[in-house]
S.K.: 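Below is a structure I'd like to ask you about.
Since the model is a prediction, treat every value here as computed from it, not as a measurement. Each ligand, and each atom within it, is numbered from 1 in the order the structure gives.
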Amino acid sequence: MCGIVGYVGPKSTVDVLIGGLRRLEYRGYDSAGVSVISEGHLQTRKKAGKLVNLIGEIDSHPIPVSHIGIGHTRWATHGAPTDGNAHPHLGGTREKLSLIHNGIIENFSELKAELLAEGTRFASDTDSEVAAHLIAREYDKAGDLVVAFRTVVNRLHGAFTILVVHEDQPDVVLAARRNAPLVIGLGDGENFLGSDVAAFVEHTKRAISVGQDEIVILRAESVEIIGFDGKPVTSEEFTVDWDATAASKGGWPSFMAKEIADQPQAVADTLMGRVDSEGRVSIPEMDGLSAEDIKNIDRIIIVACGTASYAGDIAKYGIEKWSRIPVQVELSHEFRYRDPIVTKNTLIVAISQSGETMDTLMATRYARDLGAKVLAICNTQGATLARESDATIYTHAGPEVAVASTKALVAQITAGFLLGLYLAEVRGATPSSELQKLGRELLRLPAQVSEVIEGLDEAKALGAAMASAKSVLFLGRNVGFPVAMEGALKLKELAYIHAEGFAAGELKHGPIALIEEGQPVIVIVPSLRDEDSLHPKVISNIQEIRARGAKVIAIAEVGDTEVGQWSEHVIFVPETEQLFAAILTVIPLQAFAMALAEAKGLDVDQPRNLAKSVTVE
Ligand code: F6R
């Protein structure tokens, strides 16, 4: 939440900052602002609303050339999304210092009272402005910006990435990080700061992920990192494994449309190097967990939020079935605060696209403190979650820009299944021949996902035709149940209409009361070939709701000759293993929600009230 960018170097700073903010806008779009130092003076422009408003403001009040500055795109926490509450915030009576902040300063009331008592006047309702005034005040006392900055960040509680520039030191950007992301981009005679690498990947692929409680002193020719205690810190450089074109629309009408189309690649890249042609699964990144550790696991707890939690729900079916390890899936925020049972033999699997979701980070920190091992499934290199875990399986979905998750989800499910097959093999829980058969089936998925994507027109047309629907229900069984919940979530967040996903078997226990004449219901139908005979049960469920007036859209496996008799529309997906069908059946639901939202004229990349990376609890 909130995107942060900083720059020192020879390029036009405003251009670098705006370019960075454009790529970070998915993190929040309530307001945007920049501060640069130009001809020895701070120049600040900020505006409520999307980045385009700030660009308009800069066009009408141009900024003279500058080589140092900071930029911010906001997801509002303290204070409404107004011009005044937009970042940057200026500090001190002489307003020589400018600050941007991502996170929440939990003790801001107490600090603000201290400043008010001294007569400080505030221009905004934000917690962030408090830090700007405190640093300006300390600098006036100490005369040393780094000392002043360090003194203040040590007084702040909560989560923050803070960047500061000061007129008196026109060659340096200072940054501090606690519980919120910050990455350095290393250039040649120029350096960058960003909430993630997207902020600067068009300029450099060399990056350093800043650790917890660290301060960065960034100049054009040097980068120094110290701890909040003032001691030097050494950090490892990494190379960003995607380029700027991966994070651009590339001719698609929206990032979401592009990211839906990217899904065959996301699945293929996540499988790459992890399944050989015989179907044997190996996950070299799991080396942080020895075979002994794996054999000792007596329970897996998957922690995640939102769409990532549905990936966990789906993975659970495979992990339990093949490895015979009990798996529970927990929403990170619920898990953390309910005194859960965690021992050293518990494996926590944390699933997160961003690797910065605060709820998930808090859950994993808590579990580690109780002695558990943590395995991350994460899409973002250098993310905090990956840094803080014993091992990380990266989902190679590439940058996901649209706020609603699509390709990261299918990559997370793929990684979850890989994990299940790997654990089963190490523990000898399922015959290798069976596991390899599943591994070979996994290898067919990218082509099958392509096939689904090529056939999305029907799902889109159905979505567009339903723009006036008040409510859509989703039903599924087995892995179809979390798929149904994901379908409902996509519709809520993109189209702002009521949607619910139910377990089809649960229908008669209450939700069937919702069915009335004309109610649209999307049903995820298990394969007709399914050995547990779930298919006839779901067909019965369809009949029950149709008898009460529901209009049914079924998502079913090709060759299902029965479902068409009981549904208004059927969208067919290719044949695959029963559990892997989750990956194929969720895609039409993404396209359906996107088309419905577009038909309502909504922005599918940046739905209202949301931000992509939820870095506050
Ligand atoms: C929904 C969506 C969210 C995220 C959730 C977790 O489309 O994107 O529900 O899945 O906020 O985010 P990550 O995966 O970054 O931890």
Side-chain angles (χ1 to χ4, degrees), residues 1-3 24 26-28 75 179-181 195-196 198 254-256 259-260 263 266 270 302-315 329-336 348-364 374 376-386 388-389 392-395 397-416 482-483 485-496 499 501 586-587 589-594 597 602-617:
M1 301 199 148
C2 298
L24 293 183
Y26 69 84
R27 300 181 68 89
W75 186 83
N179 291 333
S195 296
D196 68 45
S254 62
F255 279 107
M256 187 168 184
E259 288 161 9
I260 287 176
Q263 292 182 108
T270 302
I302 299 181
V303 291
C305 301
T307 290
S309 77
Y310 300 139
D313 286 327
I314 293 164
V329 184
E330 301 258 359
L331 293 170
S332 313
H333 34 90
E334 288 298 317
F335 168 80
R336 167 62 186 85
I348 300 289
V349 177
I351 306 183
S352 175
Q353 186 285 129
S354 60
E356 301 294 349
T357 297
M358 186 53 71
D359 293 314
T360 302
L361 289 175
M362 295 308 271
T364 53
V374 176
I377 294 182
C378 179
N379 195 44
T380 311
Q381 275 181 296
T384 307
L385 179 65
E388 294 184 4
S389 298
T392 300
I393 303 178
Y394 280 107
T395 48
E400 192 179 60
V401 179
V403 166
S405 189
T406 52
K407 64 176 177 173
L409 168 76
V410 297
Q412 286 162 347
I413 303 171
T414 307
V483 168
M485 291 195 286
E486 169 62 5
L489 175 60
K490 281 285 132 341
L491 203 53
K492 282 183 252 198
E493 64 182 333
L494 293 173
Y496 319 150
V586 80
I587 296 170
L589 305 189
Q590 300 166 342
F592 174 85
M594 179 178 72
L602 300 172
D603 180 343
V604 294
D605 286 341
Q606 297 180 339
R608 73 182 177 201
N609 303 340
L610 293 173
K612 189 154 185 71
S613 184
V614 184
T615 54
V616 292
E617 272 190 283

S.K.: Using side-chain heavy atoms (C-beta onward) and a distance below 4.5 Å, is Glu486 in contact with Val483?
M.R.: no

S.K.: May I have the step-by-step check of side-chain contact (heavy atoms from CB on, under 4.5 Å) for Val329 and Tyr310, ending in yes or no?
M.R.: CA-CA 9 Å; Val329 184; Tyr310 300 139; over 6 Å; no

S.K.: Could you tell me which non-hydrogen atom of Ala311 sits nearest to which non-hydrogen atom of Ile351, and how far apart they are?
M.R.: C-CD1, 4.3 Å

S.K.: Could you give me the CA-CA distance, side-chain angles and deciding distance for Val303 and Thr364, then say whether side-chain contact (heavy atoms from CB on, under 4.5 Å) is met?
M.R.: CA-CA 8 Å; Val303 291; Thr364 53; 4.1 Å; yes

S.K.: Looking at Ser354, which atoms of ligand 1 are within less than 4.0 Å of one of its heavy atoms?
M.R.: 13 (P), 15 (O), 16 (O)

S.K.: Out of all atoms in ligand 1, which are within 4.0 Å of some heavy atom of Lys490? Include the element for each.
M.R.: 1 (C), 7 (O)

S.K.: What part of Glu356, side chain, backbone, both or neither, has a heavy atom within less than 4.0 angstrom of ligand 1?
M.R.: neither

S.K.: Is there a side-chain contact between Leu602 and Leu494, using heavy atoms and a 4.5 Å cut-off?
M.R.: no

S.K.: In terms of atom number and element, which parts of ligand 1 are under 4.0 angstrom from non-hydrogen atoms of Ala308?
M.R.: 10 (O), 14 (O)

S.K.: Identify, by atom number and element, the atoms of ligand 1 in contact range of Ser352, meaning under 4.0 Å from any of its heavy atoms.
M.R.: 13 (P), 14 (O), 15 (O), 16 (O)

S.K.: Give the atom numbers and elements of ligand 1 that come within less than 4.0 Å of a heavy atom of Gly306.
M.R.: 9 (O)

S.K.: Write out the residue and atom name of the closest protein heavy atom to atom 11 (O) of ligand 1, then the distance separating them to 0.1 Å.
M.R.: Val614 CG2, 4.2 Å

S.K.: How about Asn179 and Met358: do any of their side-chain heavy atoms sit closer than 4.5 Å?
M.R.: yes

S.K.: Nearest protein heavy-atom contact for atom 14 (O) of ligand 1: which residue, which atom, what distance?
M.R.: Gln353 N, 2.6 Å

S.K.: Regarding atom 16 (O) of ligand 1: of the candidates Thr357, Leu385, Thr307, Val303, which has the closest heavy atom?
M.R.: Thr357

S.K.: Rounded at 0.5 Å granularity, tell me how far CG in Asp359 sits from CD in Glu334.
M.R.: 9.5 Å

S.K.: Under 3.5 Å, is there a donor-acceptor pair linking the side chains of Ser405 and Glu400?
M.R.: yes

S.K.: Consider side chain to side chain contact (heavy atoms under 4.5 Å, CB included). Of Leu489, Val586, Thr406, which one does Thr307 pass it with?
M.R.: Leu489

S.K.: So between Cys305, Cys378, Pro607, Ser309, whose heavy atom ends up nearest atom 5 (C) of ligand 1?
M.R.: Cys305

S.K.: Pull out every atom of ligand 1 sitting under 4.0 Å from any heavy atom of Ala404, numbered as shown with elements.
M.R.: 7 (O)

S.K.: Which atoms of ligand 1 have any heavy atom of Val403 under 4.0 Å away?
M.R.: 8 (O)

S.K.: Could you list the atoms of ligand 1 found under 4.0 angstrom from a heavy atom of Glu493?
M.R.: 1 (C), 7 (O)

